[in-house]
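Written out below as structure tokens is the structure these notes cover.
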Amino acid sequence: MSLTPHALPHVVSRIQNALRARHPRVCLPASRAARDLARVLRDAGVVAAIADGDTSGPFVGAAAAGATATRSAIDAAVATHAPPPPLTPDNVARRRIWVDLRFGRDGEPAMRQLKLVSKPSRRVYATVDELRAIAGARRVLGNSLLRSGVPGQITVLRTPYGIVEMQDALRKNVGGEVLCIAS
């Protein structure tokens, strides 16, 4: 399952709004692509944990998908929540992905901004050469929608290998659709 054209802006705006409001957790609609986006952000270190759940909260034991050594907000919440019910057509609409955002000791979020690049009305694609230019902080010729990278920037792409971070796409020598940039 891939993100529908209007689902990606919804997921990105939910995460961005949670960052601005300094919420420790954010609830995303359950889809494989939303989970892959959260996984890329977790692997980059800006998300602490990912858990399955429903509209009432994460399921018991679901935080194991990304739990850290420290006790996170999701870990504390799953201890009091009921075990997951089996997936049926009646409850599939209530499924959610709970993402625990990472904050520093001073209360500042690890990710300051999550910016949508490719939009339903304007898809942005990058070749391997353009990705190398972004990674090398050089100007990207021929594509005015892409800017050179800055240190600590996380560029998320949709490739034939799924949703991956730019460095993984470069290792696999593949380009793709530039979904969003976290900084």
- Message: Checking S56 against D54: is there a side-chain donor and acceptor pair closer than 3.5 Å?
- Response: yes

- Query: Could you give the distance from CD1 (I154) to OG (S183), rounded to the nearest 0.5 Å?
  - Reply: 8.5 Å

- Message: Do R14 and C27 make a side-chain contact, defined as non-hydrogen atoms from C-beta onward lying under 4.5 Å apart?
- Response: yes

- Task: Would you kindly confirm whether V117 and V164 end up in one hydrophobic cluster when ILVMFWY residues are joined by side chain heavy atoms under 4.5 Å apart?
- Result: no

- Query: Is there a side-chain contact between V47 and D100, using heavy atoms and a 4.5 Å cut-off?
  - Reply: no

- Query: Could you walk me through whether L170 and R132 pass the side chain to side chain contact (heavy atoms under 4.5 Å, CB included) check?
  - Reply: CA-CA 7 Å; L170 287 173; R132 284 191 185 110; 3.7 Å; yes

- Query: Taking side chain as C-beta onward, heavy atoms only, is L19 less than 4.5 Å from L101?
  - Reply: yes

- Task: Report yes or no: does R25 contribute a side-chain atom to a donor-acceptor pair with the main-chain N or O of A18 at less than 3.5 Å?
- Result: no

- Query: Closest approach of V12 and L114, non-hydrogen atoms and distance?
  - Reply: CG1-O, 3.6 Å

- Flag side-chain contact, heavy atom, 4.5 Å: L157 against L179: no

- Task: Write down the atom of F59, the atom of R95, and the distance for their closest heavy-atom approach.
- Result: CE1-NH1, 3.4 Å

- With no hydrogens and no angle check, do the side chains of R94 and T55 hold a donor and an acceptor under 3.5 Å apart? yes

- Task: Could you tell me whether R32 and D36 have a side-chain N and a carboxylate O separated by less than 4.0 Å?
- Result: no

- Query: For the residue pair G107 and R22, what are the closest heavy atoms and their distance?
  - Reply: O-CD, 3.8 Å

- Message: Are the side chains of M166 and I134 in contact, using a 4.5 Å heavy-atom criterion?
- Response: yes

- Item | Rounded distance [0.5 Å steps], CD in E177 versus OH in Y125 | 4.5 Å

- Task: Check V128 against G175 and note the closest heavy-atom contact, atom names and distance.
- Result: CG2-N, 3.5 Å

- Is there side-chain contact between R42 and R102, with heavy atoms separated by less than 4.5 Å? no

- Query: Is the backbone of Q167 close enough, under 3.5 Å, to the side chain of E165 for a donor and an acceptor to pair up by distance?
  - Reply: yes

- Item | Closest heavy-atom pair and its distance - S13, H10 | OG-O, 3.0 Å

- Task: Would you sort out whether V156 and C180 count as a side chain to side chain contact (heavy atoms under 4.5 Å, CB included), showing the intermediate values?
- Result: CA-CA 5 Å; V156 182; C180 57; 3.9 Å; yes

- Taking atom CZ of R20 and atom CD1 of I15, what is their separation to the nearest 0.5 Å? 13.0 Å

- Kindly give the heavy-atom pair with the smallest separation between V174 and P160, and that separation in Å. CG2-CD, 3.6 Å

- Query: How many angstroms lie between OG1 in T155 and CG in L131, if you round to the nearest 0.5 Å?
  - Reply: 8.0 Å

- Just wondering, do I181 and Q153 contact through their side chains at under 4.5 Å, heavy atoms? yes

- Query: Is there side-chain contact between T159 and D168, with at least one heavy-atom pair below 4.5 Å?
  - Reply: no

